[in-house]
Q: 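Here's a structure for you.
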Amino acid sequence: MSEKIKEYPGHRIKTADLRAGLVPLIRYKPEAKFAFSAGAAMSRFLEELKNGRILASVCKKCGRIMVPPRTFCEICFKPVDDYTYVKDTGKINTYSVSFIAADASRVKEPTIVAVIELDGASPGMGILHKIGEIDWKEVKFGMRVKAVWKPPEQREGAITDIKYFKPLKEGEE
Amino acid sequence: MEMFGKRRVAVIGAGMTLFRRNLKETGKELCWEAAKMALDQAGLELKDIEAVVMGTAPDAFDGVHMKGEYLADGAGARKKPYMRVFVGGGTGVFTPIAGWWHVASGMFDTCLVVAEEKMSSCFPHPAYAFHTIFDPIMARPLGVTLIWIFALEMHRYMHVHGIKKEQIARVAVKNKQNALDHPCAQLPQKITVEDVLNSEVLCWPVQRLDISPTSDGAAVAVLAAEHVAKQLTDNPVWIDGVGWCIDSTYWTNRDLYYPKYVECAARMAYKMAGIKNPPKEIDVAEVYDPFDYKELHHMEGLMLCRKGEAPRLTEEGVTQRDGDLPINPSGGLLGVGNPIAAAGMMKVCEIFWQLRGEAGKRQVKKDARTGLAQAWGDLMQYGSVIIMRS
Ligand SMILES: [Zn+2]
C-alpha cells in the first residue's frame, strides 16, 4: 500500500451476523458424479494390486523404472518400452503427521503419511501412502517399510488395497 | 540490454483492498475497488484501458464456476479484450506477466491487471474445496489434503539441510511483525519463536503459526507501454524480466527439498533483466510465503542464497527491512493475508511501492532500485517470477 493512499476499501462481516444467519448461506451438495478412466497403465496397476503386486513402467531410453506406471515417458516423450513389478518394500523419503481432517477439524488419532521410495524402482521414485503400526514420534527418514495388504477377498483394485506401510525390523525383508 | 518482446513495459499505478476473512463486498466489488484505486493512482480512466487480464484461483472458493466471466464487470472488462489466467498459487505473479506480454507485444498500449480471491465463501473451510485437485486414482482414496503434502515438502527440506523448526519460525515472526506497518494486513502480530513452536500442531511439522490465513481481497496494477508511461508519470517502474516454469505433476517422483522449477523461472527472468549475480543485484524481494518454510525454500530456488543457507541469513537479520537483502517487507502472506491470486499480486504492488519510495513505514532502508516478486503453485511444481526496476 502506498503512503499516498489514505483509505482502504473493504468491510468485514461481523461474526455475530454470520452466526445469526444474516449472511445468505446456500447449502449445495453437488449431484455430479464422475467415472474416471484410469488409462491403460493405471488400469493394469489397479488390477495387479488385487494380486498383491505393484506394477511399474520401464523406459529404456532414460533407463527409469517408474511408479506409478504410465503409458508414456514424460521426459523422453515416447511410449514406455515395458512393464515390470517392483517390491512392496521401500524406504521413507519424507513424512508428515496430520492431526486434522480434510475439513480442518481435529482428529483423535493422527494420520502418518509418507512418500515411500519402493525397492526395484529408480532412485527417488516414490508413492504417497500411510504409515501404520508405529507411534508417530518413532518414524524416521530412511526407515525401511513394507506394505500391509488387505486380505485378497477384500481387495477391489484401488490404492487402498494396501492398508498402509509398516516398519521393517532389522534384517527383515 | 538484450530486448525481449517488442517494447518496454511499466507499472504506473497499483491498488488493493483490505485483506480479511469474510469481507462484505462481493468478488466483483473487491475487483472494482482495487481497480479504481489503481486507475486513480495512474491518473487514468477506464476508457484509457485497452485490455484487461484477470487472475483468480480455483472456482470452488468463490463457489462460482468460470469466475473469470463472473468477475469481468468488476475488473472493468466490459467491451474490452479480456482473458483469465490461472496457474494455481502462481497466478498472482503470472497475471502481470500475462499483462506484460499484452503490452510488450505491441498489441495494446495499456492493460489493467486484476487479481481477486474470495476464499471465505466456502464452508466449513476452503481446504475442503481442494479435494478435487488431487489425482482421483492414486491420491484421493487416501484422503489426501494440501497440508499433508506441504508438510511432506517442509519436512524433506528440513531433513536434507538439518534445519530446525526454531530457524523456520523466525520467518513467521519477521513477516507478521512487518505486517504491523501494512494498513491492509489481516494478521499483523508481534509474536515470538516460542509462540510459533507452541502453537497448535496441524500436520507435523506444520503448526498454526507457520501458516497464512484464509482471506478475501483484490489487488490491481496498471501497465503501460514506454511512450504512454513517460507521458503519465516521472517515476514509472519497469518490468525488466519475467519467467515461469512448471515441473512434473508426478510430485512423489521428485526430491521436494529444492524447487528446481522456481530456479528455472528465475533464470529466465534474470537473463531477460541482465542480472548475473542475484544476491548482489536484487535490492528487495517479495517471495511467496504461504508457509514460513516457503520463504526460505524460495530464496534458495531464486538463487538469492546458496541451498540450505536461507535459515542462517534469516537468523542474522539479513532479510529484515534494514538488512542487506530485505525479504517480504510487506509482511507477506503470513502477515498481510493470503487471498491466493490477490496475494501474489499484492507482492508485485509492494515492489512497485518500494521502488517508488512510497512504502512509508514499510520502506526498506537501502536505496532499492531493483526488486523481485515470485509466486508458487499447483502441486508444488509451478514458479512465476517478475523483476522490476525504477
Ligand atoms: Zn524415458
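Note that the coordinates shown come from a computational prediction; the quantities given were computed from them, not determined experimentally. Chain letters run A, B, ... following the sequence lines, proteins first and then strands; every chain starts at 1.
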Q: Report the distance from atom CD of B/Glu29 to atom CD of B/Glu33, rounding to the nearest 0.5 Å.
A: 7.5 Å
Q: Which bit of B/Leu23 comes within less than 4.5 Å of chain A, counting heavy atoms only: side chain, backbone, both or neither?
A: both
Q: Identify whether the distance between the nearest side-chain nitrogen and carboxylate oxygen of A/Lys60 and A/Asp82 falls below 4.0 Å.
A: no
Q: A/Ala158 versus chain B, heavy atoms under 4.5 Å apart: side chain, backbone, both or neither?
A: neither
Q: Select one option (side chain, backbone, both, neither) describing which atoms of B/Arg156 are under 4.5 Å from chain A's heavy atoms.
A: both
Q: Does any heavy atom of chain A fall under 4.5 Å from the side chain of B/Gln41, the backbone, both, or neither of them?
A: side chain
Q: Go through the atoms of B/Met37 and report whether side chain, backbone, both or neither lie under 4.5 Å from a heavy atom of chain A.
A: side chain
Q: Atom CD in B/Glu116, atom CG in B/Leu30: separation rounded to 0.5 Å?
A: 6.5 Å
Q: Determine whether A/Glu47 and A/Arg44 satisfy the following criterion, salt bridge (Lys or Arg N to Asp or Glu O under 4.0 Å), listing intermediate values before the conclusion.
A: CA-CA 5 Å; A/Glu47 277 303 312; A/Arg44 277 183 70 180; over 6 Å; no
Q: Is A/Ser37 close to chain B through its backbone or its side chain, or both, or neither, when contacts mean heavy atoms under 4.5 Å?
A: backbone
Q: Could you tell me if the ring centre of A/Phe99 sits under 6.0 Å from that of A/Trp136?
A: yes
Q: Does any heavy atom of chain B fall under 4.5 Å from the side chain of A/Ala121, the backbone, both, or neither of them?
A: neither
Q: Just checking A/Glu109: does its CD atom have more than 12 heavy atoms from other residues, nucleotides or ligands closer to it than 6.0 angstrom?
A: no
Q: If you count every heavy atom of other residues, nucleotides or ligands that lies below 6.0 Å from A/Lys130 atom NZ, does the total exceed 12?
A: yes
Q: Output the option from A/Glu117, A/Arg12, A/Glu74 having the highest count of non-hydrogen pairs under 4.5 Å with chain B.
A: A/Arg12
Q: Do any N or O atoms from the side chain of B/His155 and from the backbone of A/Val97 form a donor-acceptor pair under 3.5 angstrom?
A: no
Q: Less than 4.5 Å to any heavy atom of chain B: does that hold for the side chain of A/Met1, its backbone, both, or neither?
A: both
Q: Looking at B/Arg254, B/Gln363, B/Gln354, B/Glu200, which makes the most heavy-atom pairs under 4.5 Å with chain A?
A: B/Glu200
Q: Side chain, backbone, both or neither: which part of B/Trp204 has an atom under 4.5 Å from a heavy atom of chain A?
A: both
Q: Of the backbone (N, CA, C, O) and the side chain (C-beta and beyond), which part of A/Ile75 lies under 4.5 Å from a heavy atom of chain B, both, or neither?
A: neither
Q: Kindly say whether B/Pro329 contributes a backbone atom to a donor-acceptor pair with the side chain of B/Arg362 at under 3.5 angstrom?
A: no
Q: Under 4.5 Å from any heavy atom of chain B, what part of A/Val107 do you find: side chain, backbone, both or neither?
A: neither
Q: Please flag which part of A/Ser2 lies under 4.5 Å from any non-hydrogen atom of chain B: side chain, backbone, both or neither.
A: both
Q: Tell me, yes or no, whether the heavy-atom count around A/Lys78 atom NZ, taken from other residues, nucleotides or ligands under 6.0 Å, exceeds 12.
A: yes
Q: Of the listed residues (A/Tyr8, A/Phe34, A/Phe141, A/Phe45), which shares the most heavy-atom pairs with chain B below a 4.5 Å separation?
A: A/Phe141
Q: Return yes if some donor-acceptor pair links the side-chain N/O of B/Asp255 with the main-chain N/O of B/Tyr257 below 3.5 Å, else return no.
A: yes
Q: Contact part of A/Ile112 toward chain B, heavy-atom cut-off under 4.5 Å: side chain, backbone, both or neither?
A: neither
Q: Is it the case that over 12 heavy atoms from other parts of the model lie below 6.0 angstrom from the CH2 atom of B/Trp148?
A: yes
Q: Is A/Glu7 in contact with chain B via its backbone, its side chain, both, or neither, using a 4.5 Å heavy-atom distance?
A: backbone
Q: Under a 4.5 Å cutoff for heavy-atom pairs, which residue among A/Pro68, A/Ser96, A/Ala101, A/Pro110 has the most contacts with chain B?
A: A/Ser96
Q: Is chain B contacted by the side chain of A/Phe36, its backbone, both, or neither, given a heavy-atom distance below 4.5 Å?
A: side chain
Q: Which bit of B/Cys349 is near chain A, if near means a heavy-atom gap under 4.5 Å: side chain, backbone, both or neither?
A: neither
Q: Under 4.5 Å heavy-atom distance to chain A, tell me which part of B/Tyr250 shows up: side chain, backbone, both or neither.
A: side chain
Q: Measure A/Thr111 against the heavy atoms of chain B and call it side chain, backbone, both or neither at under 4.5 Å.
A: side chain
Q: Nearest 0.5 Å, what's the CG-CG distance between A/Leu118 and A/Asp88?
A: 8.5 Å
Q: Which answer fits B/His182, side chain, backbone, both or neither, if we ask what part of it has an atom under 4.5 Å from a heavy atom of chain A?
A: side chain
Q: Using non-hydrogen atoms only, which part of A/Arg106 is less than 4.5 Å away from chain B: side chain, backbone, both, or neither?
A: side chain
Q: Between B/Thr145, B/Asp40, B/Val144, B/Ile137, which residue shows the highest count of heavy-atom pairs closer than 4.5 Å to chain A?
A: B/Ile137
Q: Should the pair B/Arg20-B/Glu25 be classified as a salt bridge under the 4.0 Å nitrogen-to-oxygen rule?
A: no
Q: Which of the residues A/Arg70, A/Arg64, A/Met125, A/Lys14 is involved in the greatest number of heavy-atom pairs with chain B at under 4.5 angstrom?
A: A/Arg70
Q: Where does B/Ala219 contact chain A at under 4.5 Å (heavy atoms): side chain, backbone, both or neither?
A: neither
Q: What distance separates B/Arg21 CZ from B/Met119 CE, expressed to the nearest 0.5 Å?
A: 8.5 Å
Q: Give the member of A/Ile26, A/Val115, A/Thr160, A/Asn93 that has the highest number of heavy-atom pairs under 4.5 Å with chain B.
A: A/Asn93
Q: Between A/His129 (side chain) and A/Ile162 (backbone), is there a donor-acceptor pair under 3.5 Å?
A: yes
